[in-house]
Amino acid sequence: MRWLTAFLGVAILAVVAAIVLVLPKDTDAPVSDRTPATSSPSATSSAALTPEASAFTDPCGTFDTKVASPYAVTGYWLIPTADHCTWRRQFRAIHEVGGDTVIRIGWGLQARRVDEDDRIMDNKGEEIDPRYEPCVEDGLPCVAAAERDLRAANPGNRVSWTFVYRTDEAFGPDLFRCPEFERKITVGESVFYRIVAPDDGSDDPSCANITNKGRGYHVILIAGAEQDKQDSLTELLDLGDQFGVRVFPALPLAPRDPAQLTRAYKDGTDTLTTLTRRILQDYGARFQGRESLGGFYQPFELQMREMSYTGGDPDGDHSTLKVYASQHQIVEQEMPGKPILVSPYIDARKRLKFSASPKQVAKGFEAMVRTGVGIIAPQDSRGTGKVGLFWPDQRDEQVDERLRPVVGETTNGTAYHGSTRDYYREMSAARDRMVAQGYNVQLWANVEAFEPSAEEPCAARTGTRGRTDKKRLDTAVTQVGRYVSKVVSYMWSDFFTCGSPSLAEDIARDADRPIPVDAVRKERDIQDGMEIRGYNMPMGSQVTITWDGQETPKVVEVAGVDLSEPLPDLPTGMRTAWIPFDWTQVPDGAWVRIEVAAADGRAAAEPLHVRINA
């Protein structure tokens, strides 16, 4: 009967999330009535962290920790790797271009079928899973040994479901609540962790009920770092200390609803909550006070659209947002002050029924904030072609050629509800509204560093996604930069490192090219003028101003830098430049193009398009 129950559980939960952006093909691959809880992002979660030394040496070599070519993007996703020297090279390369944040992709919790001997089957339920087959206690498969111990405590106990979770971490004793029934199991070089949890999701604070009353249990079997291998998170945090980088490890990924893959499935999420709580308790014992631990990444992504979360409506609250709220509560209990980061995606394609307008996305943003998450870093969705990079006066122009495989040969306005800038403007306004209500949340931007076609693929695991160029990345920063406090990017491995020259190499060579993000009319003393916000616009930079009907473009040199008090929550490296300009020359309602060039003539990838009534 238990075999049948487990089989039915797998039939429901077999669809486990993969990161929508890109992930390896391996199904077991790393994957990102009460009052609403206020979020509490750490005050230092986006502040600078100073490297321990200017260089360090270990068996992988000598590594410089200086920032050589700071760029507007300051955070990157990383895929786990077995080569720990690769991690060091990646941290060095990321830090050299000004990166101060690494977000790690993780793995998902999976329900698994067991055979008649209680051996764990693979994800398809067809073969014995070789990853978990070595787990044996007293000659019994670990699931059978767990049930033996539970029945010895009370004959009414039974194992109703089996779950597996893989990681390259090595946990401590605080992972376990009931050491008599939960333990670390070492078999040769393989290390497993056995957790038992009541199948009603209660996760009792003591072990007394295991003996006092018979009931169903879920067995969670974790395949961890091999014996004598260093815990990966400890290593990443050590590298964070050495390079001045904050690390956001991934929380366990929830299973997806097989009927609607964009939602977390409610059956199984109680077990996910138990696993999350145990892991966070272990982290709290081992990593409390570590500055390089920036927070936690919740990799279950969903589409941003109008949705509901109040915290008090079990039927109306969005199932995935319930997962966010549950995990936020656990983080607050075990690691207070460390924010949860989520990175939902946007779909602006008009032809699809499930796409959403900028205002609908803003409603979804507000619902996410109510769950207590501290950082929302929406994907700009340009890499997948779900949103375009264009200005309001470009709605009637043809879409970027690289987007045609996704939306066809059409105009920007026909293809999309709005541009990237439209969506971030509305989310920024929504963030302001939620802050006014007492929530503490940051808005970041996740600019996708790839293209929707595979004309220039980076690796087999990147699937249909191909490499992009720095010009397009600069353009994305221009579109989002005004509205966010930090720009991060999916993902360093492999999109920044493939090809020759790689995107990372292009950035290192061209990091100081101007990137304007905004321009406003601003007087200095009695002189009319313009303040431009952006990156790399020092004295000597030139600004070219044009509009329709103009006889000759106006070329003006930057006359002052950082003359105004900086606005709060600006991304690292963003500054202001001021130029004198008489706005009465511009016809009322005209769109003005503002092109910024460095003193050596290198022009910004994208001009600003502004409309300011004189």
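Partners of Arg433 by salt bridge (Lys or Arg N to Asp or Glu O under 4.0 Å), not counting sequence neighbours, listed by chain and number: Glu366. Listed by chain and number, the residues in a side-chain contact (heavy atoms from CB on, under 4.5 Å) with Met307 are Leu302, His318, Leu321, Ala367, Met368 (sequence neighbours excluded). Partners of Arg305 by side-chain contact (heavy atoms from CB on, under 4.5 Å), not counting sequence neighbours, listed by chain and number: Gln303, Phe354, Ala356. For Ala259, the side-chain contact (heavy atoms from CB on, under 4.5 Å) partners two or more places apart in sequence, or in a different chain, are Asp257.
When all heavy atoms are compared, the tightest approach of Val441 to Ile375 is CG2-N, 4.5 Å.
Side-chain contact annotation: Thr86 with Thr81, donor-acceptor N/O pair under 3.5 Å absent. Residues Asp241 and Ser292 have side chains that bring a donor and an acceptor to within less than 3.5 angstrom of each other. Judged purely by distance below 3.5 Å, without hydrogens or angles, the side chains of Thr271 and His218 pair a donor atom with an acceptor atom.
Of the possible donor and acceptor atoms, none in the side chain of Gln360 sits under 3.5 Å from a partner among the backbone N and O of Glu306.
Between Ile222 and Phe171, the closest side-chain pair of non-hydrogen atoms falls below 4.5 Å. In this structure, the side chains of Glu235 and Arg88 come closer than 4.5 Å at one or more pairs of heavy atoms.
For the disulfide (SG to SG under 2.5 Å) condition, no pair includes a residue of residues 240-304, sequence neighbours left out. Among residue pairs with one or both ends in residues 77-87, those qualifying as salt bridge (charged side-chain N to carboxylate O under 4.0 Å, His left out) are Asp83-Arg89; sequence neighbours excluded.
Relative to the six-membered ring of Phe192, Lys184 misses at least one condition, a distance below 6.0 Å or an angle of at most 45° to the axis.
If you run side chain to side chain contact (heavy atoms under 4.5 Å, CB included) between Arg215 and each of Leu150, Asn209, Asp199, only Asn209 comes through.
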